[in-house]
Amino acid sequence: MAPPLDDTTRSIIKACVPALEAHGLAITTEMYRRLLANPAIRDLFNLSHQEDGAQPRALALAVLAYARNIDNLGAMAGAVERIAEKHVGLNIRPEHYPYVAEALLGAIATVLGDAATPEILEAWGKAYWFLADILIGREKQIYDAHEAASGGWVGWRPFRVQARKAESETVTSFELVPEDGGPVMRHAPGQYLSFRLDVPGHGSERRNYSISSAPSSQGYRISVRRIDGGVVSDWLHDSVREGSVLQVSAPAGAFTLTPATGPIVFLSAGVGLTPFMSMLAELTGSDAHPPIHYIHTTRSPGTEAFGPAIRALAGRGRLQADIFYTRQALQAAAPVPGVSCHEGRITPAWLQGRADRNATYYICGPDGFMRDMVGALKAAGVPPAQIRYEFFGPADDPAL
């Protein structure tokens, strides 16, 4: 275990904040270049996040936040938990951490040049291992909990596609059951599964997909949107059929449904609705649930996944729904009680005008959408503790 950070180390790390503000992205880009040169390490990553620069941007923000909060690491607790859950999903182990240390310190030295004095490199080495030990400890707790859970497992477990279903023009669901015929651990609504996939022509790929089914000891369902040119999404839609076997790690993620006495509002864009399908299944499985408001935006009725399920719940009085279509004019259709359809996007002004300070908000979608929704809710006086949101990929928006 790394020793606690001394005053000198913390002072040096804080003094590096201006350099990180100016050169942080260059440092993390160089770090990943070094790290991914090792094939065994490269296979642990979702390489699409390297191609669009999201992963280096997200890490640059995280390193900067670490330096800014080096005297108050409690402020980093939420970020540490998200990272630990991601690492467990991808089966990151203690033996992987030295590779990251070597790549990070080498990148700092390369980018900062003579400014990267031995004292600075020593301080960052200490700071890295201090945080790494926190993550390793938390990850061990999660691994141990998975191993001890009924139906739980550690590592990759083969799952067979039991069924697939088109939920919209762009979203397909895959029902998964374990090849060994045993039970699975019940996920917490909102969690995701991580996959190790062998995609022909591309090799090993890693992806995370939210679980869209109700908690069960029998299996899971994921619902995947086809992305234009998406290596994995195209393969799943075009090639994965009933009977296909996929390698899956145990459910992970901290964006989960928590007990609430006040109203609950789900705010989603596009395929961001997937974790909410699991949450809604859990909530509406009982008559005693708080008021639910479901607000969703999609391109058109043809791209709206789970539309019939939402309308069925609204028709039974289980929720109120507002559906926004951004690229297609509304067509006349039989009205459904509890469902209002709109043309255009969910605007901050529209949301502010309906904000409920007693409600708990769950938000999922593209970073820009989440930034606008979070900003609108805060401006309307909703307490930050009642605003929860999930990242599908790296958290690379500084406003979040």
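Put simply, the side chain of R388 gets close to the backbone of T256: a donor and an acceptor are under 3.5 Å apart. A donor-acceptor pair under 3.5 Å is absent between the side-chain atoms of S249 and the main chain of G155, judged by distance alone. Counting only distance, with no hydrogens or angles, the side chain of T110 and the backbone of G106 share a donor-acceptor pair below 3.5 Å. Here the side chain of R241 pairs a donor or acceptor atom with the backbone of D238 at under 3.5 angstrom. Although no hydrogens or angles enter the test, the distance criterion places a donor-acceptor pair under 3.5 Å between the side chain of R42 and the main chain of L36. Using a distance-only test at 3.5 Å, with no hydrogens or angles considered, no donor-acceptor pair links the side chain of S239 to the main chain of L236. No donor-acceptor distance shorter than 3.5 angstrom exists from the side chain of E139 to the backbone of E85, with no hydrogens or angles considered. Side-chain atoms of R318 never come within 3.5 Å of backbone atoms of A314 as a donor-acceptor pair (strictly under, hydrogens ignored).
Remark: aromatic rings of W153 and F159 are close, center separation under 6.0 Å. Proximity of the aromatic rings of F195 and W156 is defined here by a centroid distance below 6.0 angstrom, and this criterion is not met. Between F266 and Y362, the distance from one ring center to the other falls under 6.0 angstrom.
The only member of S168, S213, S223, S212 that meets side chain to side chain donor-acceptor pair (under 3.5 Å) when paired with S173 is S223. Among E242, E175, E179, the one residue that satisfies the salt bridge (charged side-chain N to carboxylate O under 4.0 Å, His left out) test with R160 is E179.
Side-chain contact between L280 and I310 is present, with heavy atoms from C-beta onward closer than 4.5 Å. In this structure, R10 and D7 have side chains that are in contact, with non-hydrogen atoms separated by less than 4.5 Å. The closest side-chain heavy-atom distance from D322 to Y294 is not below 4.5 Å.
Remark: Q191 CD to L257 CG distance equals 11.5 Å, nearest 0.5 Å. Going from atom CD1 of I134 over to atom CZ of R138 covers 12.5 Å, rounded to the nearest 0.5 Å.
A cation-pi geometry, defined here as NZ or CZ lying under 6.0 Å from the six-membered ring centre and within 45° of its normal, holds between K86 and Y192.
The residues R157 and D180 are annotated as salt-bridged, a charged nitrogen and a carboxylate oxygen being separated by less than 4.0 angstrom.
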